[in-house]
Structure formats: C-alpha cells, structure tokens
Amino acid sequence: MRLSQYFFSTLKEVPKDAEIASHQLMLRAGFIQQLSSGIYSYLPLGLKVLQKFQEILRQELNSAGAIEVLFPSVIPEELWQESERWDAYGDQLLKMTDRLGRQYCFGPTHEEVVTEMAKQFIHSYKQLPLNVYQIQTKFRDELRPRFGLMRGREFCMKDAYSFHDSESSLDETYQVMKTAYYNIFESCGLEVQAVEADSGDIGGSESAEFMITAETGEDAIMKCSESGHAVNVEAAKTMPFKANEFRDQVSIEHVSTPSMKRIEEVVNGLNCSSSDLLKSLLVEVDNELVLVLIRGDHELNELKLKKQLNAFSINFVNDDDVFNTIGTVPGYVGPYQLSECRIVADHSLDPTYPYIVGGNQPDTHLRNVQLKYDVTVESYLDLRNASAGELTPWGGVYEEVRGIEVGHIFKLGTKYSESMKASFMNKEGRPSPFIMGCYGIGVGRTVAAAIEQNSDDKGMVWPKSLSPFDIQLICVNPKKEILTNACDSLYTNLKNTGLDILYDDRLDSPGKKFQDADLIGIPLQVIVGKSFEKSSEIEVKFRSSGDRLSLPYDRCVETIKELFDGC
Ligand code: ATP
Ligand code: MG
C-alpha cells in the first residue's frame, strides 16, 4: 500500500483523558477515533491489527474444534426475562424499544441467544458436544469507560459457548479452550497468566481469567508466595480470625467526636489506628437493610457480600436514607444497640477486641465495643478484599500485581439451560438440561494490551503476528527519480514474495517519515536513501531493537524476506 494513497493521519495533540500508552498511541497514530464516550471508529491501520488478531482467533479456535456462527446484536427482552437477567444485569444493559413498543437489549454477552439456538436444534446426546464461537460487537453501558479500547462501551468480543451431556465432557472442552487461549496469546507475543476468578453475573462453578501483567491494569491479582497460585482479588479468600484466648468484657465509653465522620478524621482526632475502628456500612440487600462490619483499614468486597448473602442485588444506603430509616446520623452509624437490621461481620474481625464504633448519635463514637459481648452478629463471613502481605489459604502470603483481563473462561453448568428450559434426550432416553461452558476474549482490549506490553517513547512496537503491515518501505526523497525507481521496483518485488508492504512514498521530510515509521511500529523498516545513491545499498532497521543493517540493493529481496521471517 502506498502511504500517499492511504488514509493515514497522525494527531499532534492527544486528549488529556488518554492516560495510558496504548490509548495515547492509538489516537496519535490514527488507529482509532473517539466518536463518543467509550465508542470508537477503527481507522484503516487499527482495523488491520484488529483483523489480524481475529484471524489468529479463527485459526486457533477452528483447530480446537469450535465452529463459527454470528448472532444478532439486538436481542429481544423475552430471552433475557427467561434467564432472569433483564433486571439483574443492571445499568450496563442498553435497552431499547421498537415502534411497536417491544423491548430489546444490545447484547453485552450471548448466553441467552446461544441457549435458544441449542434449544431448537440440539435434541439428542448424539449431537453433543458442540462448541460454537462468534466475533462480534458488544455493548455494555460501562459506568467509567476509559483507556480507549481497553474499556469501551461498544467493543469487539470473541465469545464461545459449549454444550455437553456430562461434566466430564465439559471438563475436556474447558481444558482444550484453556490450551487454545494460551496458544492465541502466545501467537501475539503476549505473556499471560491464568488466574482463578469470580464467575460474576454470568454465573457458574469454575472460571479462570487470562491476565496480562501491566502496571496500568485495572485488576488486582493476588499471588500466593508459596504455591504460586494466582487469584483475582475479587475471588481471593481471606483467612478467618483465630482466637488464642478471649479478652474479658470492658465497659463502653462515649467519646465526643465533632466533625469526625470519616475514618481518617477519627484516626487523627482520637489518635488511634484505623485498625482500631470498625466501619459500619448500611446496605440494602434485596430490599432488606443489613449492617456490614469491616475493620477500618480493610476494604469491602461487594461481589463477596452479594455472594455470601445470596443476594440478587445490593445497594448502599445514602446519607438521607440513613437518617430516615434508622434515625441515626450519617458518619456516626454503629452496631451497638442497633435493632433495626441484621448485622453481619467480616470473619477476620476479632470478636473480643475493644473497637471504636459510631455511636448512632450526632458527634459521638463509642470506645471498647466488643462484638462478642455487645453486638448480636448474625454471622461472620469472608466479606473483604485480601491485601498484600496477609496469609493465604495455601500457606504463604499474598503478593499483589496489576493485570489486564484479556480473556475469561467459565464452566456455566446448567444455569441457563435450566432457566430457559433447554434440554436434550440423554443416553437413558430422558430429557436433561445442557451442561454449558462459555469462553470470552476482548479483541480490542487484547490489541491495546499488546501495545501496553510492547511500546517505547517513540511509539508502538508490534509483534509481527499483529502488525498492520509486514514491512515499512521508506523512500527518503521521492523527488529523486533514482530513489523512486529503486523503491518502486523493490515495492513490487517484495509484494511478489507475499509480504504486506506499507510504502512511504510521501513528499514529506525524511525526519517526519522516520518518526511516523517508529510511531506505527511495523517490525522492519527498509530505507532507501543516501547510501543507495553512494553505493547501491539499502538500510534495514529493526523497530524493536533499533539495530540497523546495510544490504546491497541487488538480491536484497531474499534477505529482507529471511529477516522478516526471523523477526
Ligand atoms: P471487566 O471485569 O474488565 O469489566 P468482564 O469480566 O465483565 O470484564 P467478561 O464478561 O468476562 O468481562 O467478557 C469477556 C472479555 O471481554 C473480557 O475478558 C474482556 O477482555 C472483554 N471486555 C469486557 N468488557 C469490556 C469492555 N468494556 N471493553 C473492552 N473489552 C471488554
Ligand atoms: Mg470477566
């Protein structure tokens, strides 16, 4: 492709909200354009990379035995009602209404649609197992779309779904897909790690996330120092408190704490440590009020809370409602003599420790509240995020690394087939719900993660499997006929070997061309300039190392091809 005839333009000023390298570089190099918050156009170079990755996906998934399909993006409400996710999925679900008043959503994921397909077409165990996949645009109305393609609202996902007549058949496909995932990411030159994960709203029994470690990653991965076991912080178990001996009961004291509503204010005002305090969080769990107790220096894990309480939905009670519902004061809520609601506590709390808690009166805290003696705790549960340095269930301590989730595989079991009444005739001739698995990869997110792992201060550094072109051929001065002729014929000869060439034949300055080539990040640059005029030599530059090599122009095509193959 001649760059002079291509659609390519760079951005000088990158918007301030582009905080991470991949987002900045994709905008700067004209790979994408933001149309609206979390909604992007893929411009030619960006689209080429996306398509390269899609081809890797197709190859690996086809050889893993998965079959490509394409489902609609717009899904009728009824299917989501059947699976009971129409309301449960929450605000991320983009809903719309047609001219007849019928409701639809723009699919954020496709378990319902694929289950409907199986329901109609798979009747017998003889048709199982079946594994189908699609590569498609999804929409999730993310609360905080950011980082470009990393967390969009509209984004491209590869999603696969498998159907089985037994758990062992599901286990087999789950392992095959896990291996395919490692192959896919390895083909892109990406280092990934499978991490134990929470199955989230998609539901199911076992799941693993494929993470790329990067400081800019939005996920915290907790790694056990002994076993190497890695778990998403969402699912990382904490250890319950172990009492060596119980303390005796001490008497409760009232302390005046004006303008000390936040943990830090109490810590400063009372000169104590945040681990001496209890946070009392009022939460509405499926329309019932629950007070959740967490140590002052710990963080509530909402997913764990939802799961542990078997809740459909949880909402934090806002300040006005705190006053209206239990007559207490925002910032001063506490568990002592609070009879209006159930109380659950994090299981790492020490039941006889004399904690400082809110006094349920304005400007008042209580000292020496011991849960065992002073509060009716309904249950002690694992409710908080694990943090670095604390004990793991595997005999080590947690270490924290940041990661980007590029893929996620789940064993769904019969969650969807049961709620949607999708069954087949089993070997015994009886109807049985499908046992299902599902497997997702963020296409745009993986491309962005590849940039996070492979870029420098000059621009992107593509592994050849994802690079938009194989070689960037640069004619340093197209005004000189001798250079243009040499470049034109090199362009044709290189193309004839099957290489995909981006030929910079623009009339721009050499500096601009070199800068753009480094920004675009194609693995090999072939430069035809001064040394061609002097001694009929061309220069080859490796984008990743910056190494340069001079080659005689005659017979250089073979060598360039070999150099590219060895990249
Ligand atoms: P996250 O926790 O990052 O919000 P998720 O767990 O909700 O993602 P899944 O339902 O597991 O996402 O979707 C499968 C894959 O789709 C993810 O592993 C990720 O790579 C990609 N993905 C999910 N949400 C987005 C998004 N908003 N933008 C880009 N890619 C996404
Ligand atoms: Mg996920």
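One-based numbering, in listed order, for ligands and for the atoms of each. These numbers come from a predicted model, not from an experiment.
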May I ask you to say whether R543 pairs ionically with D456, meaning some side-chain N is under 4.0 Å from a carboxylate O?
-> yes

Min N/O separation R445 to ligand 1 under 3.5 Å = yes

M150 and ligand 1 - part of the residue with a heavy-atom distance under 4.0 Å = backbone

CD1 on I184 to OH on Y182, rounded to 0.5 Å = 12.5 Å

G440, any N or O under 3.5 Å of ligand 1 N or O = no

Distance only, no hydrogens: is a donor on one side chain within 3.5 Å (strictly under) of an acceptor on the other, for E112 and T115?
-> no

Looking only at heavy atoms, which two atoms of M96 and C105 are closest? And how far apart?
-> CE-C, 3.8 Å

Going by the 4.0 angstrom heavy-atom rule, the piece of E405 near ligand 1 is both

Can you tell me if CG on D91 sees more than 12 non-hydrogen neighbours from other groups inside 6.0 Å?
-> no

Using heavy-atom distances, let me know which of F147, F410, F210, F155 sits nearest atom 31 (C) of ligand 1.
-> F155

Side chain, backbone, both or neither: the part of M157 lying under 4.0 Å from ligand 1 by heavy atom | side chain

What do we get for T446 next to ligand 1 when only non-hydrogen atoms under 4.0 Å count, side chain, backbone, both or neither?
-> neither

Under 4.5 Å between any side-chain heavy atoms of E172 and S169, yes or no?
-> no

Within-shell test, T109 vs ligand 1, heavy atom, strictly < 4.0 Å | no

Heavy atom of G152, distance to ligand 1 below 4.0 Å | yes

Determine the interplanar angle of the F469 and Y6 rings, folded into 0 to 90°, and report it as parallel if under 30°, tilted if 30 to 60°, perpendicular if over 60°.
-> perpendicular

Decide, counting backbone as well as side-chain atoms, whether E405 has an N, O or S atom less than 2.8 Å from the Mg ion (ligand 2).
-> yes

Within a distance under 4.0 Å of any heavy atom of E142, pick out the atoms of ligand 1 and give their elements.
-> 24 (N), 26 (C), 27 (N)

Which of parallel (below 30°), tilted (30 to 60°) and perpendicular (above 60°) describes Y439 and Y174?
-> tilted

Near R140 (heavy-atom distance under 4.0 Å), the atoms of ligand 1 are 5 (P), 7 (O), 9 (P), 10 (O), 12 (O), 13 (O), 23 (C), 24 (N)

Atoms of ligand 1, numbered as shown, that sit under 4.0 Å from any heavy atom of L149 = 29 (C)

For H408, the N, O or S atom at the shortest distance from the Mg ion (ligand 2) is ND1

Near V406 (heavy-atom distance under 4.0 Å), the atoms of ligand 1 are 18 (O), 20 (O)

Sub-3.5 Å N/O-N/O distance, R153 and ligand 1 | no

Test item: M239 and P393 side chains (from C-beta on) under 4.5 Å apart, heavy atoms = yes

Could you tell me how the ring of H110 sits relative to the ring of F71: parallel (under 30°), tilted (30 to 60°) or perpendicular (over 60°)?
-> parallel

